[in-house]
Amino acid sequence: MNNDYYYVTNQVTFIYNIRSVVAKSLYCCLVYLYILYSAFFTTFLRMWSNLEKSNIMDKSQDLVAEKLILTYRHLLNSHAKRLEEIHILKKALFICKSPVNIKVDVADNVTIDDLLDIDNNVLSTILKIFATLNSEIFFLKNDVKVKLFNSILYYEECDEDVSTEGLIQVKISKFLQILLELSNFVKHCEYLLSEIHCQFINIFEFQLITADIHFQGIFEYIGDLLYLFVELDKLIISQPILQQHWFQYRDILNTIKLDPSKYDCNINDIIQLENICNDIESTLLSGNIFEKVLTSDFNGKKEIQSCDDFVNEFKLYLNNSVLLLGQRAYQKSNNPLQIWSRICSTTVFYTYIFGVFDKKLLKQFTDLLEKVNHIPLDGNLVWNPEMFVLNFIGHLLKPNTIRKKEDNSEKCTLELIDITKNFSKTTSNYLQQAMIWFARSEHIEFIDFDTSKLEYMHDICNYLSEGIQLCTSIKNTVITLMNLHSTLGKPLIKSNVILICRLIETMKNIGYIYQKNHIVMDKLITDIIQYFEFLCLSIIGQVKISCADDRNFNTKNVDRLSSLEVSEKLLHGPLVKNRPLLIKLALNTAIGLQAFPKAQILNITQHLKRIELLQLLQDEIKSISEISCMYWHRVVFPLYFKNVKKTHKHFNGLSTTFDFLKDIYEVTYFSDKTTKQNIYNSFIDEICGYLNHQILKPMNPNIENELRLQVMTHVHCVKTMLNQPVDIFMIKLQHLQFLTSFIDTKNRAENYLSETFYDLTAVALHDWHNNGVMRTLAKYKLNLETIDDKLPNHTLEQGLDVLEIMRNLDLFISKYSYNLSNQIFIENYSTSKHLNTINIKHISNSIRIHGTGIMSTTVNTTYQLLCGKLNMLSKYLYDEHVKSKLKKEITFLHEIQKTNNMVYPFERAEKLNSSMKKITLNTNQNYIDQFRILVTHIGNALGYVRMIKSGGLNFCSISTSFIPDLKK
C-alpha cells in the first residue's frame with residue numbers, strides 16, 4: 001500500500017509541472033510554426049518543378065510492380081491448385097493422413113535450483129531433493145526401460161539358426177552388454193529406493209519445521225520404481241531360452257577357464273568376466289529381483305520400520321487408493337495398469353516391511369483385488385494383481401487361504417467366455433461412439449476466446465479427453481482379449497478376428513483425427529491451457545490472501561505461503577520438464593498443511609489434470625494408439641486379409657491397419673541392432689506375404705476373368721465369376737501405404753492386364769479383337785489405362801474382302817441378298833454345306849487392313865453400277881406394253897380420287913399383275929420377275945453402301961477409344 005501511495009503522489013506532482021511547462025512553451029510554438037510555414041511555402045515551389053520528372057520515374061516503377069504482382073498472383077494460383085489436388089487426394093480415403101505432422105514442444109532450460117529460489121530454505125531443499133529423485137525415476141521408467149526391456153522381450157523371437165556349434169555363445173556374448181546395462185539399471189533403482197527412504201527419515205526428524213507436510217505424490221513414483229522390478233522379473237521368467245543360452249555360455253566359460261592357453265586367453269580376463277557374469281546372474285537372471293528388494297537390508301530400512309509418521313503417511317496413501325479403486329474411477333483414466341501397479345507394488349512392499357498395520361484397510365484392498373483377474377503387460381504377457389499380492393504377503397493377510405494357479409486359470413477362462421460372448425455388442429458400441437466422435441471433429445474451428453465462449457472451451461477439452469478415453473478403452477479391450485487367448489491357449493473365433501482388426505483401425509483413426517486437426521487444435525490448446533492456468537492462479541491467489549490475513553505467523557503458515565508462492569511462480573511459466581512435478585509437490589505440501597478448502601482442492605486438482613493432459617496431448621495419443629502387441633498375435637492377419645478379399649469391404653482400412661507396423665518398428669528401434677533387424681525384417685516379410693497371397697495376387701486374375709466373361713457373351717456356360725463383384729474399390733484406392741512404401745493397386749492391375757493382353761495376342765494373333773475389346777472395357781468400366789500391344793492383326797472372321805467385292809460388284813449384288821434389319825448379306829445358294837455371310841465386322845476388318853481411303857473408292861464404284869441399273873429400270877418403264885397399262889391405271893386412280901375413295905382395289909391390282917405376267921421376253925422370264933430382280937440388285941447396291949458406312953463408323957469408334965484425352 002505504501003508503494004502505491006508514493007506512486008500516486010509522484011504522478012500528481014509530475015502533472016502540475018507539465019502544466020507550467022506547456023504554458024511557457026505555447027508562445028514559442030506559435031513563432032516556430034510561422035517560420036516553418038514560410039520555409040514550407042518556398043520548398044513547395046521548388047518541388048513543383050521536379051514533380052513532372054518524378055512522375056516519369058513513378059510510371060516505370062508501376063510497370064515493374066505490376067509485373068511482380070502478376071507473377072506473385074500466378075504463384076498463388078498454382079499453389080492453390082496444388083492444395084486443392086492434395087485435398088481431393090486426401091478425400092479418397094476415409095481418414096486423411098497428413099504428409100507432415102507438427103509437434104509443438106516448449107524447451108525450458110531453467111534448473112530446479114532456479115525454480116525453487118525462495119526464502120523458505122527448508123521447504124525449498126525438501127522440494128529440490130524429491131523433485132530430483134522423482135525426475136530420475138521418471139527418466140528411468142520412460143527412456144531407459146524402453147530400450148533394455150524390449151531387448152529381453154524380443155530375445156526369443158530374434159533367435160537365429162543356432163544349430164551350428166558355437167553360435168549360441170557368440171549370440172550371448174553380443175547380448176552381454178544389454179545384460180550388464182540391465183544389472184546396473186537394477187542397482188541404480190535400488191539405490192534410488194534407498195535414497196528416497198533416507199530422505200523421508202531426514203524429513204520426519206524435523207517435527208517442528210515440517211509439521212503436517214504430506215507428500216502423497218511421492219508414493220506414486222515409489223510404486224513406479226518398485227513395479228520396474230516386478231515387470232523385469234516377469235520378462236526374465238517368460239524367456240526360458242535366454243536362461244538356457246546363458247547356462248551354455250557359462251559352461252563354455254568354465255571350459256576356457258580350465259585351460260586358457262589353449263584358447264589364447266588371459267586368466268585374469270577370464271576371472272574378471274566370470275565375476276561380471278556372477279553379478280549378472282545373481283542380480284538379474286534369478287527372476288527374484290522384487291523378492292530380493294523386499295528381503296534386502298537397504299539403507300534406512302530399520303529407521304523406516306520404527307517411524308510411526310511414515311506408517312501414517314502410507315496409511316493415508318493406501319486409504320486414498322482404496323477409495324479410488326472402490327469408486328472405479330481408475331477405469332476412466334488413461335492408464336489403469338499404472339494405477340494398479342503403483343498401489344499393488346507399494347502395498348506389498350510396505351506391508352512386508354511393517355506387517356499388518358491396518359487389518360480393515362488391507363481387507364478392503366484385498367476384496368477389491370478379487371474383482372480384477374489380470375492386467376495386460378508388454379507383448380503377450382499378463383499380470384495378475386491378486387496372485388502377485390497373495391504370493392508375497394498372502395500369509396500375512398489371509399493365513400488360511402491358499403490360491404492356486406488352477407483357480408486363477410478358471411477365473412481367466414470365465415472372463416474370456418464373458419468377453420467373447422459380448423464382444424460383438426462391445427465392438428458395435430465402440431464403433432458407434434467413434435463415429436459420433438468423428439462427426440464432432442468436423443465442427444472444430446479456431447476462435448478468439450472471450451468470456452462469452454467459455455462453454456466452447458470446456459466442450460473442446462471434454463472432446464479431447466473423450467477421444468483419449470475411447471481409444472484407451474478400445475486398446476484395453478483388444479489387448480485383454482488377445483492376451484487371454486494366448487495365455488489360455490484358446491483359438492480365436494473368426495468373427496472376433498474381423499472385429500479386432502476393425503477396432504484397431506478405429507483406434508488408429510482416432511489418432512489421425514488429432515493429427516489431421518493438429519494445427520487448429522494446437523491454437524485451441526494454447527488458449528485453453530492459459531485459461532486453466534488463470535483459474536489455478538486465481539484459486540492460489542485467493543488462498544494466499546486468506547493465509548496472509550492470518551496474523552499467526554507460525555511455521556505452518558510460513559510453509560503454506562512458501563508452497564503457494566512456489567506453485568504460483570511455476571504456473572507463470574511453461575509447464576514442461578520439471579515444472580509439473582514441482583507443482584504437484586508444492587501443492588501436496590499446501591494441501592497437507594490445509595491451505596485449501598475441500599471444494600478448491602477438487603477444482604485445482606481437476607484444472608491441473610486438464611493442463612497436464614493438454615500439455616502432453618500428442619505424446620499421450622501416440623502412446624495410447626500404439627498397438628505393437630499385435631506382433632505376438634500375427635495369426636489374425638491371414639484371416640483378416642482373407643475376409644477383406646472375400647467380402648470386398650474395408651479396403652480403405654488396410655492402410656490404417658498397416659500402421660501398427662510402425663509401432664513395432666518404433667518399439668524394436670530402441671533395442672539392440674540384432675534384435676531390431678531380425679525381428680522387424682522377418683515380421684514385415686511375413687505380413688507382406690499375407691497381403692500378396694490373400695489380396696494383391698488374386699485381384700488381377702479376377703479382373704481379367706471378369707472382363708473376359710463380359711466380352712465372351714456368346715459362350716453358353718454358367719458364369720460363376722459374374723456373381724462375385726470385382727475389386728473395384730481396391731482399384732479406386734489412390735495408394736495403399738505399407739510403411740515407407742506405397743502400393744499402387746491400379747498401376748499393378750494395369751501392368752498385369754497389359755502384359756497378359758500382349759502375351760495372349762502374341763501366341764494367338766487371331767484373338768486380337770477380343771483382347772482389344774477387353775482393353776477398351778477395362779478403360780471405360782474400371783478406368784484402367786493399358787498399353788497397346790502394337791502387334792499385327794489377324795482374324796478367322798475376315799470374310800470377303802472389300803477389294804474383291806468392288807472388283808465383282810455386279811456379281812456380288814446378284815448372288816447375295818441383303819437383310820435390311822440386321823445389316824447382313826447372305827449368299828443365295830452354294831455348292832457346299834455352308835452359306836457365306838458378310839456383316840459390319842467384316843467390312844470394319846477390311847477397312848482396318850486397307851485404310852479408310854477405300855471407302856470413297858467403293859462408293860464411286862457402286863455409283864457407276866447404280867447408274868447403269870437405273871438406266872435399265874427407266875427402259876423397262878418406258879416400254880410400250882408397260883407404259884400403256886400403267887397410264888390406264890393412273891387414269892383410274894385419278895377418277896376414284898374424285899369420289900374421295902383413296903383405296904386402290906386389290907382385285908384391280910391382281911388383274912394388273914396377271915396381265916403383266918403375260919408379257920414375256922426371250923429369256924423365258926416375264927416383265928414382273930425381271931423387274932423384281934432389277935430392283936433387288938439396286939437395293940443390294942444401296943445396302944452395300946450403307947454397310948460400308950456402318951463398318952467405317954465401327955472402325956472409327958474402336959480406333960478413337962485409344963486416343964488419349966488431351967484435356968487431362
Side-chain angles (χ1 to χ4, degrees), residues 92-95 97 157 427 478 481-482 485-486 491-509 627-665 679-709 720-753 755-756 778 782 784:
L93 298 177
F94 172 66
I95 295 296
K97 293 185 178 181
E157 296 298 324
T427 302
V478 171
L481 179 63
M482 299 298 296
H485 277 284
S486 177
L492 275 168
I493 302 175
K494 183 179 180 180
S495 59
N496 288 348
V497 170
I498 310 305
L499 295 177
I500 286 171
C501 294
R502 288 291 306 279
L503 289 178
I504 294 174
E505 177 187 345
T506 303
M507 186 176 62
K508 288 295 182 181
N509 287 336
I627 194 72
S628 61
C629 65
M630 295 307 296
Y631 171 82
W632 307 94
H633 309 294
R634 64 187 73 182
V635 68
V636 305
F637 294 107
L639 295 176
Y640 172 66
F641 293 147
K642 187 176 181 180
N643 180 75
V644 170
K645 180 65 179 64
K646 182 178 179 180
T647 60
H648 297 270
K649 295 179 180 179
H650 311 302
F651 284 117
N652 288 332
L654 284 174
S655 182
T656 307
T657 307
F658 287 149
D659 279 350
F660 79 95
L661 300 174
K662 296 180 181 179
D663 299 333
I664 297 174
Y665 176 79
I679 288 179
Y680 192 66
N681 294 335
S682 62
F683 183 68
I684 293 303
D685 293 340
E686 183 176 353
I687 299 298
C688 190
Y690 292 150
L691 177 64
N692 288 326
H693 180 70
Q694 298 289 349
I695 295 180
L696 296 180
K697 286 185 177 179
M699 179 187 67
N700 296 331
N702 290 344
I703 296 173
E704 180 193 357
N705 293 336
E706 177 71 15
L707 294 174
R708 194 170 301 280
L709 289 174
T720 57
M721 292 299 296
L722 289 177
N723 296 328
Q724 300 180 3
V726 74
D727 302 330
I728 298 176
F729 296 104
M730 191 68 182
I731 299 172
K732 289 184 178 180
L733 287 178
Q734 293 292 335
H735 292 92
L736 185 64
Q737 184 175 355
F738 189 82
L739 294 176
T740 56
S741 61
F742 289 89
I743 301 174
D744 191 350
T745 54
K746 180 182 176 183
N747 190 25
R748 289 171 64 96
E750 290 174 347
N751 293 338
Y752 175 83
L753 292 178
E755 182 179 357
T756 303
L782 304 177
L784 296 176

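For the numbers below, each heavy atom of this structure counts, side chains included, while hydrogens, waters and symmetry mates do not. FYI, the numbering just counts along the sequence from 1. It should be emphasised that the depicted structure is a prediction, and the values quoted were computed from it without experimental measurement.
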Quick check: closest heavy atoms across [X] and [Y], and the distance to 0.1 Å?
X: Asn700; Y: Ala749; result: OD1-CA, 3.3 Å
X: His633; Y: Cys629; result: CD2-O, 3.3 Å
X: Val636; Y: Val497; result: O-CG1, 3.4 Å
X: Pro701; Y: Pro698; result: CD-O, 3.5 Å

Output the distance between atom [atom1] ([X]) and atom [atom2] ([Y]), rounded to the nearest 0.5 Å.
X: Ile703; Y: Thr756; atom1: CD1; atom2: OG1; answer: 10.5 Å
X: His485; Y: Ile500; atom1: NE2; atom2: CD1; answer: 6.5 Å
X: Tyr640; Y: Lys642; atom1: OH; atom2: NZ; answer: 16.0 Å
X: Ile687; Y: Phe641; atom1: CD1; atom2: CZ; answer: 6.0 Å
X: Leu503; Y: Asn496; atom1: CG; atom2: CG; answer: 10.0 Å
X: Ile504; Y: Met630; atom1: CD1; atom2: CE; answer: 3.5 Å

request  = Could you tell me whether the side chain of Asn643 reaches within less than 4.5 Å of the side chain of Leu639, counting heavy atoms only?
outcome  = no
ask   = What residues, two or more places apart in sequence or in another chain, satisfy ring pair (Phe, Tyr, Trp, His ring centres under 6.0 Å) together with Tyr690?
value = none
request  = Return the set of residues passing ring pair (Phe, Tyr, Trp, His ring centres under 6.0 Å) with Tyr752 (not counting sequence neighbours), or none when no residue passes.
outcome  = none
task = May I have all residue pairs that pass salt bridge (charged side-chain N to carboxylate O under 4.0 Å, His left out) and include part of residues 689-704, sequence neighbours excluded?
result = Glu704-Arg708
Gln694 and Phe637: CA distance, side-chain angles, deciding distance, side-chain contact (heavy atoms from CB on, under 4.5 Å) verdict = CA-CA 10 Å; Gln694 298 289 349; Phe637 294 107; over 6 Å; no
key: Asn751 side chain vs Asn747 backbone, donor-acceptor pair below 3.5 Å   = yes
